[in-house]
**Q** 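What follows is a single structure, and I will ask about it in a moment.
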Amino acid sequence: MKRTHYCGSLRKENTGQKVVLEGWVNRRRDLGGLIFIDLRDREGLVQVVVDPDSPAYAAADAARGEYVLRVSGIVRERPAEQINEQLASGEIEVVAESLEILNEAETPPFAIDASWRGEEDPAERVSEDLRLKYRYLDLRRRGMLDRLRLRHRVIKAIWDFLHAEGFIQVETPFLTRSTPEGARDFLVPSRLEPGKFYALPQSPQLFKQMLMVAGVDRYFQIARCFRDEDLRADRQPDFTQLDMEMSFVDQEDIWELNERLVAHVFKEALGVELPLPFPRLPYSEAMERYGADKPDTRFGLELRPADELFASSGFNAFKSVLESGGVVRGLLAPASLSRKQLAALEETAKRHGAKGLAWVKIGPDGLSGPLAKFLEEAALRGWGAVDGQTALFVADRWNVALEALGQVRLALADMLNVERSGWNFLWVVDFPLLEWDSDQELWTYMHHPFTSPYEEDIPLLDSDPGKVRARAYDLVLNGSEVGGGSIRIHRIELQKKMFQVLGIPAEEAEEKFGFFLEALRYGAPPHGGIAWGLDRFLALMSDAGSIRDVIPFPKTQSGRDPLTNAPAPVSEEQLAELHLKIVE
RNA sequence: GGCCCCGUGGUGUAGUUGGUUAACACACCCGCCUGUCACGUGGGAGAUCGCGGGUUCGAGUCCCGUCGGGGCCGCCA
């Protein structure tokens, strides 16, 4: 007797059919004579009725929650007054003729049945640690299963689209050398070569570039990547990228193709139509308007320059910042903020590097607050302020002032419950190629050292490196960076120049990625690409609180897996084989 | 490396200014009940309050440490 249907797939049309179902007991209701069992599989629930004189009765009587059953019976239409409109299969029920307990189950450590009845799921409030320890039960919950299936649909849509566009999927190795992404590597000791190590890839970056040298022309991969850094709600040590690379293209080609890909994915996986093209926002403008290189453009509250307001004011704290080359930026909160709110916002500003958050309120009776005596009401109104608002200011170095105020902007939106809905994709483009590392006193790459500058900016590499724009871009969705890429350097001379600017000696470059530099010498085509943070993408698509919710078996903030208890000690024998010794 | 929050039956919570039988809901077990669908109903079992130490006549409650979980900064695209 094989299964004939999924429980959740039965409908009125199946009335009269003899069916065999296999699934889990979602809920059992014993009325003393009649027994009802809501049988569950991945497609949903169906009510099974067991009559006292049925041969199925004894087993139904013994069944408990999460027992695994095989039921055969007849689909029967329910009388009008017994239709359950909460249930997709609510117009029918299955009258059991036989019922077999395929396996018993212990009572689960947390409730997993409610989500299938369309109610608020109490498991959403169960500690995540417990859910991870019993992840196989957690994944029985409808919400979690839905996310697994969303992930499947998204990856399927990516494959379909890129295949149709002429891309070739290529797998690159897990056991490899360190790639220059700048994060800490996970290392794997070599048994055959004592004292040497593989590194797990932080991204397939160099391999995909070498695939371009190979003439693959259009490559993609759903690539697992590994970075040994501290975890966050949106960061796991192993995570998944959609990685792609194209030859003979410029930025516009990559943006255009990725926009169509995103639109295809949203259409296929969510049924959502996205308007194309996505806005393209230069980095400097994103910073000036939103104080972020990943702006949430679903709401306004834009930042604005306030240098002039303070240039001639008596507010010395700001004046001195301006005189030493800093900037003042402001933000108009559309509310008269309380002391408590202002304190919270200042806390946010400080946490992100600002010295403080200055504020002034404007109203029919003029200005009030600490800045009131330093500012002219007319000047502030000329700046844009109207009655009932609170103007917030930060003065600091350009990027510090903007980043801090950008965070204040986000906190303010939360505080005021600003409406944030929709799917706001955009490209942040024209990133600086280099950024000054004040700790090490040298220029360092913002993306990675293989990122190409704009041709016309190359002369600036010597004269004013900070002004060089990279042909690099990020894909941003609702304030999250969901992808990043660049046109790569394909000529060895420019690559050498880059290492020189970065202060990386030729010998060191040769030692670290000589194999790759060599590849550039053999006719590397112009090329570029992008990688999507697939987990972040999915978390946003499914409104998950963290990427852990879209990763089947994620790790906790301390990098542990409560299910397997990894990482774990290994035997002395294993260590010896790998030529390793633990040093306390 | 740093800042902040949390830790009470299986689960989620409550627990006065420290006061002795640690409460409630759901789940679980047993009985009754033939149309329920969050079934109903009667009964029952189950936590020494993450762990260790301290203060106190007395600690779930206060203090210190530690472990675990979470958010963030640093770090990381």
Side-chain angles (χ1 to χ4, degrees), chain A residues 26-38 45-54 57 64-66 76 78-79 81-87 89-90 93 95 106-134 137 181-185 202-203 205 225-237 239 241 293-294 347-348 350-353 403-404 407 411 428 431 439 445-448 451 472-476 480-486 530-533 536 545-546 548 555-558 560 562:
Chain A
N26 195 67
R27 199 89 179 185
R28 175 176 164 279
R29 291 178 295 280
D30 182 350
L31 303 206
L34 272 184
I35 294 175
F36 294 100
I37 290 174
D38 292 337
L45 300 182
V46 70
Q47 172 165 282
V48 174
V49 198
V50 188
D51 217 54
D53 46 20
S54 161
Y57 191 79
R64 292 292 182 273
E66 300 308 314
R76 180 168 73 189
R78 288 153 80 149
E81 69 276 12
Q82 284 171 16
I83 286 173
N84 183 344
E85 292 180 0
Q86 316 298 332
L87 223 54
S89 65
E93 62 191 0
V95 184
E106 293 190 12
T107 304
F110 53 89
I112 56 189
D113 58 309
S115 61
W116 291 94
R117 288 183 253 121
E119 297 161 37
E120 192 188 339
D121 185 355
E124 290 291 336
R125 282 180 288 125
V126 170
S127 89
E128 196 179 358
D129 197 34
L130 189 70
R131 288 173 45 209
L132 291 181
K133 182 172 179 189
Y134 297 95
L137 298 180
E181 290 290 320
R184 191 178 296 115
D185 284 316
Q202 295 180 30
S203 88
Q205 182 64 32
C225 304
F226 306 87
R227 292 176 188 170
D228 188 7
E229 296 291 347
D230 287 358
L231 292 82
R232 288 284 192 285
D234 62 353
R235 274 160 37 185
Q236 283 275 305
F239 62 101
Q241 289 185 171
D293 60 3
K294 46 182 167 62
E347 175 64 31
T348 299
K350 282 182 169 171
R351 188 160 5 101
H352 289 89
E403 278 171 29
Q407 294 292 333
V428 175
F431 277 84
D439 288 344
Y445 48 85
M446 207 156 165
H447 188 60
H448 56 55
T451 302
Y473 34 84
D474 279 355
L475 180 61
V476 174
S480 288
E481 181 202 328
V482 293
S486 64
I530 191 169
W532 296 11
R536 285 184 190 175
S546 87
R548 293 186 297 272
K555 290 167 186 61
T556 67
Q557 196 169 62
S558 57
R560 282 183 355 97

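Below, chains carry the letters A, B, ... as their sequence lines are ordered, and counting in each starts from 1. Values below: every heavy atom of this structure, side chains too, minus hydrogens, waters and symmetry copies.
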**Q** So, is A/Ser127 close to the B/G70 phosphate, meaning a side-chain N or O under 4.0 Å from OP1 or OP2?
**A** no
**Q** Please state whether the phosphate of B/G10, meaning OP1 or OP2, lies under 4.0 angstrom from any side-chain nitrogen or oxygen of A/Thr107.
**A** no
**Q** Hey, is the side chain of A/Gln557 poking within less than 4.0 Å of OP1 or OP2 on B/G71, counting only N and O atoms?
**A** yes
**Q** State whether the side chain of A/Arg131 and the backbone N or O of A/Ala123 hold a donor-acceptor pair below 3.5 Å, judged by distance alone.
**A** no
**Q** Starting the side chain at C-beta, find the nucleotide from B/U11, B/A77, B/G35 nearest to A/Ala183.
**A** B/A77
**Q** Using a heavy-atom cut-off of under 4.0 Å over every strand shown, decide if A/Arg548 touches base, sugar-phosphate, or nothing.
**A** sugar-phosphate
**Q** Let's test your reading of the model: under 3.5 Å, does the base of B/C39 pair with the side chain of A/Arg27 as donor and acceptor?
**A** no
**Q** Given B/A77, is OP1 or OP2 found less than 4.0 Å from the side-chain N or O atoms of A/His448?
**A** no
**Q** Within the structure shown, what part of the strands sits under 4.0 Å from A/Gln86 by heavy-atom distance: base, sugar-phosphate, or nothing?
**A** nothing
**Q** Heavy atoms from C-beta onward define the side chain here; which of B/G69, B/C37, B/C73 lies closest to that of A/Asn84?
**A** B/C37
**Q** Under 4.0 Å from OP1 or OP2 of B/C39: is there any side-chain N or O of A/Arg29 that close?
**A** yes
**Q** B/G35, B/G69, B/C76: which one has an atom nearest the side-chain heavy atoms of A/Arg560?
**A** B/G69
**Q** Would you find a donor on one side and an acceptor on the other, under 3.5 Å apart, between the side chain of A/Arg28 and the backbone of A/Ile35?
**A** no
**Q** What nucleotide among B/A77, B/C75, B/G70 has an atom nearest to a side-chain atom of A/Asp293?
**A** B/A77
**Q** I'd like to know if A/Arg184 reaches the base of B/G74 with its side chain such that a donor and an acceptor end up less than 3.5 angstrom apart.
**A** no
**Q** Classify the nucleic acid contact of A/Asp30 as base, sugar-phosphate or nothing, counting any heavy atom under 4.0 Å across all strands shown.
**A** base
**Q** For a quick check of understanding: with a heavy-atom distance under 4.0 Å over all strands, which category does A/Arg125 fall into, base, sugar-phosphate or nothing?
**A** sugar-phosphate
**Q** Using the side-chain heavy atoms of A/Ser546, tell me which of these nucleotides is nearest: B/G35, B/G71, B/A77.
**A** B/G71
**Q** Just call it for A/Pro109: base, sugar-phosphate, or nothing, with non-hydrogen atoms closer than 4.0 Å on any strand.
**A** sugar-phosphate
**Q** Assess whether one donor atom and one acceptor atom, taken from the side chain of A/Glu128 and the base of B/G69, lie less than 3.5 Å apart.
**A** no
**Q** Counting the atoms with a prime plus P, OP1 and OP2 as sugar-phosphate, which does A/Ala111 contact under 4.0 Å by heavy atoms, base, sugar-phosphate, or nothing?
**A** nothing
**Q** Please measure how far the C1' atom in B/A77 lies from the corresponding atom in B/G53, and state the result in whole Å.
**A** 45 Å
**Q** Looking at B/G70, I'd like to know if its phosphate oxygens (OP1 or OP2) sit under 4.0 Å from a side-chain N or O belonging to A/Arg232.
**A** no
**Q** Could you check whether A/Phe110 and the base of B/U11 form a stacked pair, meaning centres closer than 5.5 Å and planes differing by less than 30°?
**A** no
**Q** The side chain of A/Gln202 lies closest to which of these nucleotides: B/A77, B/U36, B/C75?
**A** B/A77
**Q** Among the nucleotides B/U36, B/A77, B/C37, which one has an atom lying closest to any side-chain atom of A/Phe36?
**A** B/U36
**Q** Please step through side-chain contact (heavy atoms from CB on, under 4.5 Å) for the pair A/Val428 and A/Glu481, ending with a clear verdict.
**A** CA-CA 9 Å; A/Val428 175; A/Glu481 181 202 328; over 6 Å; no
**Q** With a non-hydrogen cut-off below 4.0 angstrom, is A/Leu130 in contact with a base, only sugar-phosphate, or nothing?
**A** sugar-phosphate
**Q** For A/Ser546 and A/Ala233, which heavy atoms make the closest approach, and how far apart are they?
**A** CB-O, 3.3 Å
**Q** If you go through the side-chain atoms of A/Asp230, does one of them form a donor-acceptor pair with the base of B/G74 closer than 3.5 Å?
**A** yes
**Q** State whether the side chain of A/Gln241 and the backbone N or O of A/Ser203 hold a donor-acceptor pair below 3.5 Å, judged by distance alone.
**A** no
**Q** Pick base, sugar-phosphate or nothing for A/Arg351, based on heavy-atom distances below 4.0 Å to the nucleic acid.
**A** sugar-phosphate
**Q** Tell me whether A/Asp228 contacts the main-chain N or O of A/Arg184 through its side chain, where contact means a donor paired with an acceptor under 3.5 Å.
**A** no
**Q** NA contact type, A/Arg64, heavy-atom cut-off 4.0 Å: base, sugar-phosphate, or nothing?
**A** sugar-phosphate
